Amino acid sequence: MSILIDGKALAAEMRAQLCERVKNFKIEHGKEIGLAVVLVGEDPASQVYVRNKIRACEEVGIRSYAYRLPESATQEEVEMLIDELVASDHIHGILVQLPLPKHLNERKLLRRIPPAKDVDGFCAENVGNLAMNRETIVACTPFGAMKMLEKYGIDPKGKRAVVLGRSNIVGKPMAMLLLNADATVTVCHSKTENLKEICASADILVVAIGKAKFVTADMVKDGAVVIDVGMDRDENGKLCGDVDFEDVKDKASYITPVPGGVGPMTITMLLYNTVQTAERS
């Protein structure tokens, strides 16, 4: 039986520490740490994510500013709002909730957020710094996964790591973080040949492809560490990950559950990044 990597418990521990840092910041600087969230449109999942982020901010004492624009908002209107937030001394972090309505140019909008306020870690400069192993703001989900490995004493150094998925939000930054931690990293995707064999060679397997229960026991090496970033629904509508947990749990040495694994860490790392940007400012 594998050891469960408890993301919920680690998130609670980190948030307690962040509370103290937020209090100290307010005492030292005489103002609150501020996070601005821009939501365009009525996407139901995005509405839930934004509510969760606002609730998490309240928990640690960060002042949240939610800006909700209609689906019909123009590129110019969203750009003007972002520019106002960039200029504000009360805003230390800015995030634009994705996905955006199709008529908006996501790349141009994100480019208007300066690296120092890019708490999602998506801008080119922060991604470039990560690639060069420099201190920077790191995308929240992979950053959270690395904190989980650290908490459980799992050192990637010298290990064979396989990242299943190559998204800009998870797969690519995850691969760079593991590489910076001295793992030997392979990134797999929909065009990868011999996928099962490659996954089964991994000492650390990170799965982020958005396919429910895709990874089965025959794709996992005995004693591997399995990090499941997926958030899917199974045939019964029950929340599950990209890994078939019941099939894999007795083969892995460590495994993240869904829910309660990587998920709670993502928003916690957003809070962490926001506090970091405030302290650096």
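Predicted, not measured: the structure shown is a model, and the values here were computed from it.
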K26, NZ: over 12 other non-hydrogen atoms inside 6.0 angstrom: no
Could you see if V37 belongs to whatever hydrophobic cluster contains V96? Use Ile, Leu, Val, Met, Phe, Trp, Tyr and a side-chain cutoff under 4.5 Å. yes
Minimum side-chain heavy-atom gap H90-R63 below 4.5 Å: no
Same cluster or not: are I137 and L110 linked, directly or through other Ile, Leu, Val, Met, Phe, Trp or Tyr residues, by side-chain heavy atoms under 4.5 angstrom apart? no
Are the side chains of D6 and L4 in contact, using a 4.5 Å heavy-atom criterion? no
From CG (D120) to CG (N168), nearest 0.5 Å: 12.5 Å
So, the side chain of H103 versus the backbone of A73: is there a donor-acceptor pair under 3.5 Å, distance only? yes
Is there a side-chain contact between V226 and V248 in this structure, where contact means two heavy atoms from C-beta onward sitting under 4.5 Å apart? yes
Considering residues, nucleotides and ligands other than K8, do more than 12 of their heavy atoms fall under 6.0 Å from its NZ? no
May I ask you to test the R55-E59 pair for a side-chain heavy-atom distance under 4.5 Å? no
Is the shortest heavy-atom distance from the side chain of I255 to the side chain of D228 under 4.5 Å? no
Linking I/L/V/M/F/W/Y whenever their side-chain heavy atoms sit closer than 4.5 Å, directly or via other members, would V215 and L178 fall into one cluster? no
Neighbour count >12 (heavy atoms, 6.0 Å) for atom CD, E193: no
Might you confirm whether atom NZ of K196 has over 12 heavy atoms from other residues, nucleotides or ligands at distances under 6.0 Å? no
Inter-residue atom distance I113.CD1 - F122.CZ, 0.5 Å rounding: 10.0 Å
Using modelled atom types and a 3.5 Å cut-off, is there a donor and acceptor pairing between side-chain atoms of N126 and backbone atoms of P115? yes
Please confirm whether the backbone N or O of E77 pairs with a side-chain atom of T74, one donor and one acceptor, at under 3.5 Å? yes
Between S2 and A252 the two heavy atoms that sit nearest each other are CB-O, 2.8 Å
Among the clusters formed by ILVMFWY side chains lying less than 4.5 Å apart, do M269 and V258 turn up in the same one? no
Working for side chain to side chain contact (heavy atoms under 4.5 Å, CB included), residues V78 and L104: CA-CA 9 Å; V78 184; L104 297 176; 4.1 Å; yes
Least distance between heavy atoms, A145 atom then I227 atom: CB-CG2, 4.1 Å
Electrostatic pair K23:E20 at N-O distance under 4.0 angstrom: yes
Could you grab the distance from atom OG1 of T256 to atom OH of Y152, nearest 0.5 Å is fine? 10.5 Å
Donor-acceptor check, side chain of T277 to backbone of H92, threshold 3.5 angstrom: yes or no? yes
Which heavy atom of V138 sits nearest to which heavy atom of N273, and what is that distance? O-ND2, 3.0 Å
Are L195 and F214 side-chain neighbours, meaning at least one heavy-atom pair lies under 4.5 Å? yes
Using every non-hydrogen atom in the two residues, find where E279 and F25 come nearest and quote the distance to one decimal. N-CE1, 4.1 Å
Does H189 have more than 12 heavy atoms from other residues, nucleotides or ligands lying within 6.0 Å of its NE2? yes
Establish, yes or no, whether the cationic atom of R21 lies under 6.0 Å from the six-membered ring centre of Y272 and within 45° of the ring axis. yes
Under 3.5 Å: donor-acceptor pair, side chain of S281, backbone of A278: yes
With distance as the sole test, does Q75 use its side chain to make a donor-acceptor pair with the main-chain N or O of N105 at under 3.5 Å? yes
Which atoms form the tightest heavy-atom contact between C57 and L35, and what is the distance? SG-CD2, 3.6 Å
Assess, by modelled atom type and distance only, whether the side chains of T141 and T266 contain a donor and an acceptor separated by less than 3.5 Å. yes
If you look at every heavy atom in V187 and R166, which pair is closest and at what distance? CG1-CB, 4.0 Å
Can you give each donor-acceptor pair under 3.5 Å made by side-chain atoms of residues 238-247, sequence neighbours left out, with the distance rounded to 0.1 Å?
| from | atom 1 | to | atom 2 | distance (Å) |
| --- | --- | --- | --- | --- |
| D242 | OD1 | G210 | N | 3.4 |
| D242 | OD1 | K211 | N | 3.1 |
| D242 | OD2 | I209 | N | 2.7 |
| D242 | OD2 | G210 | N | 2.9 |
| D244 | OD1 | D247 | N | 3.4 |
| E246 | OE1 | K249 | NZ | 2.8 |
| D247 | OD2 | A217 | N | 2.8 |

ILVMFWY cluster, V220 and M148 together (side-chain gap under 4.5 Å): no
Atom CE in M219, atom SG in C188: separation rounded to 0.5 Å? 8.5 Å
Determine, step by step, whether L177 and L130 satisfy the side chain to side chain contact (heavy atoms under 4.5 Å, CB included) criterion, reporting the C-alpha distance in whole Å, the side-chain angles of both residues, the deciding distance to 0.1 Å, and the verdict. CA-CA 7 Å; L177 283 166; L130 176 60; 3.7 Å; yes
Is it true that T268 and R15 share a donor-acceptor pair across their side chains at a distance under 3.5 Å? yes
Considering residues, nucleotides and ligands other than R107, do more than 12 of their heavy atoms fall under 6.0 Å from its CZ? no
Does the pair R280 and E135 meet the rule for a side chain to side chain contact (heavy atoms under 4.5 Å, CB included), with working shown? CA-CA 12 Å; R280 289 171 183 170; E135 185 178 351; 3.0 Å; yes
More than 12 non-hydrogen atoms from neighbouring residues, nucleotides or ligands closer than 6.0 Å to CD on E76, yes or no? no
Nearest 0.5 Å please: distance from the SG atom of C140 over to the CG atom of L95. 8.0 Å
Rounded to the nearest 0.5 Å, the CG atom of L270 sits from the CZ atom of F143 at a distance of 12.0 Å
Does any part of the side chain of R112, heavy atoms only, come nearer than 4.5 Å to the side chain of M80, both counted from C-beta? no
Which is it for Q97 and Q47 under the side chain to side chain contact (heavy atoms under 4.5 Å, CB included) test, yes or no, and what are the steps along the way? CA-CA 9 Å; Q97 185 65 47; Q47 299 277 354; over 6 Å; no
Does the side chain of K53 reach to within under 4.5 Å of the side chain of E58, using non-hydrogen atoms? no
Donor-acceptor under 3.5 Å (N194 side chain, E197 main chain): no
